[in-house]
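Some notes on the structure that comes next.
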Amino acid sequence: MRRIEEIGERIRGGDAVVLTAADLKKRIREGERLTPGDVDVVTCGTCGVMSGTAAILSLPVTEPGVFSRAESVRLNGVPAFPGPCPNERLGLVDLIVYGTAQAGPRYGGGHLFADLAAGKAIEVEVAAGGREYARTVTVDECNAARLFTTRSAFKNYTAYVNREHSVVRTIFSTGGLLGPCREASVSGCGEINPIENDPALRFIRPGSRVLVNGAPGFVMGEGTRSSKERPNIMAFAEIREMDSRYCGGFVTSAGPECITAIATAIPVLDRAALDALSVLDEGIPLPVADINDRRPFALADYGQVWQGTDRHVTYDIAACAFCEHCAAGAVCPTGAFMTGKGIDPGLCVSCGACASSCTGGAVQADLGAIALDGVRVPITLRQSDRNRAEALCADLRERILDRRFPIP
């Protein structure tokens, strides 16, 4: 067994071997027999819809003495909770805003966090003492702007189907989950997910360094729904240091949700650490549950989601029928699909909703399928973006090598 300090010395000396999880898995699939001496650190990450995301902000509103205390606050129309400190007569407001809070059917807390991270001006509306106060602020004008997760990066998630003859409007669908068993919705980045590679939370523990939406942050502890079988974590970081590419809003049939990304580094101290890091998609169980009662009734695996499937959506404009009511554009959860123009790569999370909805075949993506009692149920929505997760892993690798992300 090596000491983590030894790995730190190798990094500082420029001799360390740091791999992304994707690179490590590729070498394992190619039959390479690695030992703990062959690799020092592996970077792991996940990106996708994470409802348990919120932010604590402190915003200037007026000069001191103008109002006593805020009774309600909206940021770009998104409702927030003033407090817990009343900040009496200071002209500023402390508040908490949820990533799942909704300003309307197409804008919510996740969109707000991405706009703050991008440095955009935010419209602040405060009600106090029967009067309304308004101003615009950027994240750099905030006294504090910290994002935190109450539960994130689950070791593994659940695939959902609707077994009834109905359409269920749910956060796990962009247009309503069709039954009976006509489609499946999945979440999770599988073999590159941090906790999938450290299931005992040996290295991902309180005080561990992580990247949250690309910003340096820390693990606070286990998340609110963490269990031995399905651990997850709480983490936090400063919004002003975040990269808006790794966060945002995701519009479901039940309203806007929040996209969050988490990455961390796993040191290879011994064989046990390397064995945990050797997990592959096809060996990771994916429970399948009915959306109506959320109870698992079958079991799939992440190989059916990520192996041999398309990572990107393709749009052939020449084949587009330019339907009066574009089904693909209507269900796109990030506003990335633009009929007749293409797909905005800065917004597209490769969820596949557009490909599943396009009636003319102009938009295509093989998202895989889940086998239920011998019946092939197509996956029509992926709520995790493995492309962005892998990009964040690569980003973290570079930070480790140039010593911007300390190990230990």
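Values reported hereafter were calculated over all heavy atoms of this structure, with side chains retained and with hydrogens, waters and symmetry mates removed.
Residues passing the salt bridge (charged side-chain N to carboxylate O under 4.0 Å, His left out) test with Asp94, sequence neighbours excluded: none. The side chain to side chain contact (heavy atoms under 4.5 Å, CB included) search around Glu222 returns Leu201, Ser226, not counting sequence neighbours. Applying the salt bridge (charged side-chain N to carboxylate O under 4.0 Å, His left out) test to Arg225 and every residue at least two apart in sequence or in another chain returns nothing. In this structure Cys326 satisfies the side chain to side chain contact (heavy atoms under 4.5 Å, CB included) test together with Ala328, Phe337, Thr339, sequence neighbours excluded. For Glu5, the salt bridge (charged side-chain N to carboxylate O under 4.0 Å, His left out) criterion is met by Arg3, not counting sequence neighbours. Residues satisfying the salt bridge (charged side-chain N to carboxylate O under 4.0 Å, His left out) test with Arg202, not counting sequence neighbours, are Asp270.
In this structure the side chain of Val41 reaches within 4.5 angstrom of the side chain of Ile7, judged on heavy atoms. No side-chain heavy atom of Arg131 sits under 4.5 Å from any side-chain heavy atom of Phe67. Residues Asp40 and Ile407 have side chains not in contact (no heavy-atom distance under 4.5 Å, counting atoms from C-beta outward). Between Pro333 and Cys351 the shortest side-chain heavy-atom distance falls below 4.5 Å. At least one side-chain heavy atom of Ile4 sits less than 4.5 Å from a side-chain heavy atom of Leu269. In this structure, the side chains of Gln383 and Phe172 come closer than 4.5 Å at one or more pairs of heavy atoms. A 4.5 Å side-chain heavy-atom check between Val186 and Leu286 finds at least one atom pair inside the cut-off. Contact of the Ile56 side chain with the Phe236 side chain is not registered, since no non-hydrogen atoms from C-beta on lie closer than 4.5 Å.
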### Chi angles and distances behind the side-chain hydrogen bond (donor to acceptor under 3.5 Å, both in side chains) call for Asn213, Asp243
CA-CA 6 Å; Asn213 297 337; Asp243 188 330; over 6 Å; no
### Query
Given the rule in the salt bridge (charged side-chain N to carboxylate O under 4.0 Å, His left out) test, do Arg10 and Asp15 qualify, once you have shown the distances and angles that lead to the verdict?
CA-CA 5 Å; Arg10 285 177 57 80; Asp15 301 317; 5.5 Å; no
### Message
I'd like to know whether Arg29 forms a salt bridge (charged side-chain N to carboxylate O under 4.0 Å, His left out) with Glu191, so could you lay out the CA-CA distance, the side-chain angles of the two residues, the decisive distance to 0.1 Å, and finally the verdict.
### Response
CA-CA 12 Å; Arg29 279 197 174 86; Glu191 66 187 24; 2.8 Å; yes
### Query
Where do Asn193 and Tyr302 land on the side-chain hydrogen bond (donor to acceptor under 3.5 Å, both in side chains) test, with the steps shown first?
CA-CA 11 Å; Asn193 186 310; Tyr302 275 94; over 6 Å; no
### Candidate pair Arg2 and Glu9, rule salt bridge (charged side-chain N to carboxylate O under 4.0 Å, His left out), full reasoning
CA-CA 12 Å; Arg2 295 188 291 177; Glu9 290 171 5; over 6 Å; no
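In this structure, Thr43 OG1 and Leu401 CG are separated by 9.5 Å, a value rounded to the nearest 0.5 Å. To the nearest 0.5 Å, atoms CZ (Arg388) and OH (Tyr246) are separated by 8.5 Å. To the nearest 0.5 Å, atoms CG (Leu211) and CD (Glu241) are separated by 10.5 Å. Atom SG of Cys348 sits about 8.5 Å away from atom CG of Asn387, to the nearest 0.5 Å. Taking CG of Leu116 as the reference point, atom CG of Leu57 lies at 6.5 Å (rounded to 0.5 Å). Interatomic distance, Met220 CE to Thr149 OG1, rounded to the nearest 0.5 Å: 5.5 Å.
Contact between Arg399 and Gly214 at its shortest, heavy atoms only, is NH2-O, 2.7 Å. Nearest heavy atoms, Val93 versus Pro82: CG1-CB, 4.4 Å. The two residues Phe113 and Gly99 make their nearest non-hydrogen contact at CE1-CA, 3.5 Å. When every heavy atom of Glu132 is checked against every heavy atom of Ala127, the shortest pair comes out as OE2-CB, 3.6 Å. The shortest heavy-atom contact between Ala327 and Ser357 is CB-O, 3.5 Å. Contact detail for Thr224 and Asn232: the closest heavy-atom pair is N-OD1, 4.0 Å.
With Asp281 as reference, Arg386 is the one residue of Lys25, Arg386, Lys26 to meet the salt bridge (Lys or Arg N to Asp or Glu O under 4.0 Å) rule. When each of Ile204, Val210, Val42 is tested with Pro194 by the rule side-chain contact (heavy atoms from CB on, under 4.5 Å), just one qualifies, namely Ile204. Among Pro408, Pro406, Pro216, the one residue that satisfies the side-chain contact (heavy atoms from CB on, under 4.5 Å) test with Arg209 is Pro406.
Between Glu398 and Arg403, none of the side-chain N atoms (NZ, or NE/NH1/NH2) sits under 4.0 Å from a carboxylate O, so this pair counts as no salt bridge. Ionic pairing of Asp38 and Arg27 is not present here: no N-O contact between side-chain nitrogen and carboxylate oxygen is shorter than 4.0 angstrom. A salt bridge does not link Lys155 with Asp198: none of the charged nitrogens is closer than 4.0 Å to a carboxylate oxygen. Residues Arg311 and Glu390 are paired through a salt bridge, judged by an N-O separation under 4.0 Å between the basic side chain and the carboxylate.
Of the possible polar contacts, none joining the Ser253 side chain to the Arg169 backbone as a donor-acceptor pair under 3.5 Å is found. Remark: side-chain polar atoms of Ser166 are not paired, donor with acceptor, to backbone N or O of Val168 under 3.5 angstrom. Side chain of Asp310 to main chain of His312: no donor-acceptor pair is present (N/O by atom type, distance under 3.5 Å, no hydrogens or angles). At least one donor-acceptor pair under 3.5 Å links the side chain of Thr252 to the backbone N or O of Ala254. With hydrogens and angles ignored, the 3.5 Å screen pairs no side-chain donor or acceptor of Gln364 with any backbone N or O of Tyr315. Put simply, the side chain of Thr170 never gets that close to the backbone of Ser173: no donor and acceptor are under 3.5 Å apart. The closest donor-acceptor contact from the side chain of Arg240 to the backbone of Val139 lies under 3.5 Å.
For the residue pair Glu183/Ser356, the side-chain donor-acceptor check at 3.5 Å is not satisfied. For Ser278 and Asp275, the side-chain atoms include no donor-acceptor pair closer than 3.5 Å. Side-chain contact annotation: Asp385 with Ser350, donor-acceptor N/O pair under 3.5 Å absent. Side-chain polar atoms of Thr53 and Thr260 form a donor-acceptor pair below 3.5 angstrom. If you check the side chains of Arg230 and Tyr157, you find no donor sitting under 3.5 Å from an acceptor.
Around the CZ atom of Arg404, the shell of radius 6.0 Å holds more than 12 heavy atoms that belong to other residues, nucleotides or ligands. Tyr98 OH: 12 or fewer foreign heavy atoms inside a 6.0 Å radius.
Taking the ring centre of Phe297 as origin, the terminal cationic atom of Arg163 falls inside the region bounded by 6.0 Å and 45° from the ring axis.
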